[in-house]
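Just below is one structure, and these are the notes that go with it.
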Amino acid sequence: MEVSKNILYVGVDDTSIDLFESQYPMEEEVGISYNSYVILDEKIAVMDAVDKRGEAEWFANLKKALSGKTPDYLVVQHLEPDHSGCVQKFVEKYPSVQVVCSAKAKPMLPQFFDFDMTNVLGVAEGDILELGSHTLHFVMAPMVHWPEVMVSYESSEKVLFSADGFGTFGAIKNNVPWEQEASHYFLNIVGKYGASVQALLKKAATLEIEKICPLHGPVLSGDLSPYLEKYQIWSSYEPEIDGILVCHASAHGNTKKAAEDFAEELKAAGAKVKVLDLCREDVSEAVEKCFQYKKIVLAAITYDGNLFPAMQDLIYHLSIKNFQNRTIGLIENGSWAPVSGKKMREQLETMKDVTVLEEQVTLKTKAHEENKAQFEALKKALLA
């Protein structure tokens, strides 16, 4: 695949992986891509490697793109194994190649690889690499989403090689909607590092960019403003949907019914509402939706004197992903000693700019007549 006449895509699709990073479920019709590119000029640069799972196909793609030529540089923008898994074999195959990485990455290389480190060039902000008619300008992007990350701007064709920035789940051949999988990818993997993404966006704003080549997902071209706008929203923790997300974690169905009935009341009052069953929804999907919605209702039972695991898992993931700037209402349930509301509140109130409403619903086994006033108070608070 051509990015341009002199910039070729040599990455691979992976539709057989079941769990990306051993935690994110990957359906075959979604999958993921490991992207790599070749810049053909007087000097030839290979931009990143791929996961070991794509080794054979990547080397076959490289062979075809190189047409018998030997690459001069391997630019390693990110050391995570899904991008660097084949670096060792690449260097063994092309021993004269110079590995180019950030100055931060250079001392980390021996943790990952066993080759002669004297032929490694560590670059800093503003350094350039002349290939002939193409010039790579290196821009440091620490904590997007590892500390050693950099991106590379090729100035003659105005192409930004963006590392994990603007990446998505989804194999390229599956042609999944960009926003759908970019949102899921960003909010679960990069979302914690909003401030770092904001810093990179400011740097990118100074560049004239016509194409973005990420390390996962499709090459972006044409009007780039929709992609930039989404990244601005996601990285600044602003909600995309002016609505209410109702998440429930129920063992025997009573809390589920109460949450679903309450969701119908909210809809009848004019709110945009989505309901998630945390016992059946993968937590990565729930995290994504929590970041998207302006307001959230969490409904959970008390379990073993604590919080039901499915809800505990969601709150834990929200905490480590730097969740912030939302309003949350609580529904707790317990047959004899309900404490799930207290447990949720304690954890949520440690998060930045998260408002937990005082209006709380406490159920004893299931919703009863005496709970109507509590539900009404919570509804008014959410709709205020």
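Note that the coordinates shown come from a computational prediction; the quantities given were computed from them, not determined experimentally.
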Is the closest side-chain heavy-atom distance between [X] and [Y] below 4.5 Å?
X: Val76; Y: Val99; value: yes
X: Glu157; Y: Glu210; value: no
X: Phe323; Y: Ile296; value: yes
X: Leu66; Y: Pro71; value: yes
X: Glu148; Y: His78; value: yes
X: Phe186; Y: Ser235; value: yes
X: Ser183; Y: Trp234; value: yes
X: Thr168; Y: Pro214; value: no

Is it true that [X] and [Y] have a side-chain N and a carboxylate O under 4.0 angstrom from each other?
X: Lys379; Y: Glu376; value: yes
X: Glu260; Y: Lys257; value: no
X: Lys380; Y: Glu359; value: no
X: Glu2; Y: Lys5; value: no
X: Lys342; Y: Glu332; value: no

- Task: May I ask you to check whether Phe20 and His184 place their ring centres under 6.0 Å from each other?
- Result: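 So the answer is no for these two rings.
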- Query: Would Tyr94 and Phe90 count as a close aromatic pair, with their ring centres under 6.0 Å?
  - Reply: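 When the ring centroids of Tyr94 and Phe90 are compared, they turn out to be within the sub-6.0 Å range.
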Short question: side chain of [X], backbone of [Y] - any donor-acceptor pair under 3.5 Å?
X: Tyr24; Y: Asn188; value: yes
X: Ser84; Y: Leu79; value: yes
X: Tyr231; Y: Leu201; value: no
X: Asn325; Y: Asp353; value: no
X: Lys211; Y: Val219; value: no
X: Asn35; Y: Gly217; value: yes
X: Gln360; Y: Leu330; value: no
X: Thr302; Y: Asn333; value: yes
X: Asp72; Y: Ile44; value: yes
X: Asp51; Y: Arg53; value: yes

Starting at [atom1] of [X], measure out to [atom2] of [Y] and round the result to the nearest 0.5 Å.
X: Asn61; Y: Ser36; atom1: CG; atom2: OG; result: 8.5 Å
X: Ile209; Y: Leu228; atom1: CD1; atom2: CG; result: 7.0 Å
X: Gln324; Y: Glu238; atom1: CD; atom2: CD; result: 9.0 Å
X: Glu80; Y: Phe112; atom1: CD; atom2: CZ; result: 8.5 Å
X: Lys158; Y: Leu160; atom1: NZ; atom2: CG; result: 13.5 Å

- Item | Pairs touching residues 247-276 that satisfy ring-ring contact (aromatic ring centres under 6.0 Å, His included), sequence neighbours left out |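 Pairs touching residues 247-276 that pass the test: Phe262-Phe375.
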List the atom of [X], the atom of [Y], and the distance in Å for their closest heavy-atom pair.
X: Cys101; Y: Val120; result: SG-CG1, 3.9 Å
X: Leu307; Y: Ile315; result: CD2-CD1, 4.0 Å
X: Gly305; Y: Val339; result: O-CG2, 3.7 Å
X: Leu378; Y: Val361; result: CD2-CG2, 4.0 Å
X: Ala263; Y: Val275; result: CB-CG2, 3.5 Å
X: Pro81; Y: Trp146; result: CD-CH2, 4.1 Å

Do [X] and [Y] have side-chain atoms, one donor and one acceptor, less than 3.5 Å apart?
X: Asp14; Y: Ser16; answer: yes
X: Glu154; Y: Ser156; answer: yes
X: Ser152; Y: Gln77; answer: yes

May I ask you to decide if the ring planes of [X] and [Y] are parallel, tilted or perpendicular, using 30° and 60° as cut-offs?
X: Tyr227; Y: Trp178; value: perpendicular
X: Tyr153; Y: His137; value: tilted
X: His216; Y: His83; value: tilted

- Task: Answer yes or no: does atom CD of Glu27 have more than 12 heavy-atom neighbours from other residues, nucleotides or ligands under 6.0 Å?
- Result: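 No, because the 6.0 Å sphere around CD of Glu27 holds 12 heavy atoms or fewer from other groups.
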- For Glu28, does the CD atom sit with more than 12 other heavy atoms under 6.0 Å from it, leaving out its own atoms?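 Open.
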ILVMFWY network linking [X] to [Y], side-chain heavy atoms under 4.5 angstrom:
X: Tyr9; Y: Ile7; result: yes
X: Val10; Y: Leu215; result: no
X: Met117; Y: Val97; result: yes
X: Leu8; Y: Leu62; result: yes

- Task: Go through the steps to decide whether Gln312 and Gln347 satisfy the test side-chain contact (heavy atoms from CB on, under 4.5 Å), and finish with yes or no.
- Result: CA-CA 9 Å; Gln312 182 63 61; Gln347 296 173 69; 2.7 Å; yes
- Val283 and Tyr316: side-chain contact (heavy atoms from CB on, under 4.5 Å), yes or no, with the steps? CA-CA 10 Å; Val283 69; Tyr316 167 76; over 6 Å; no
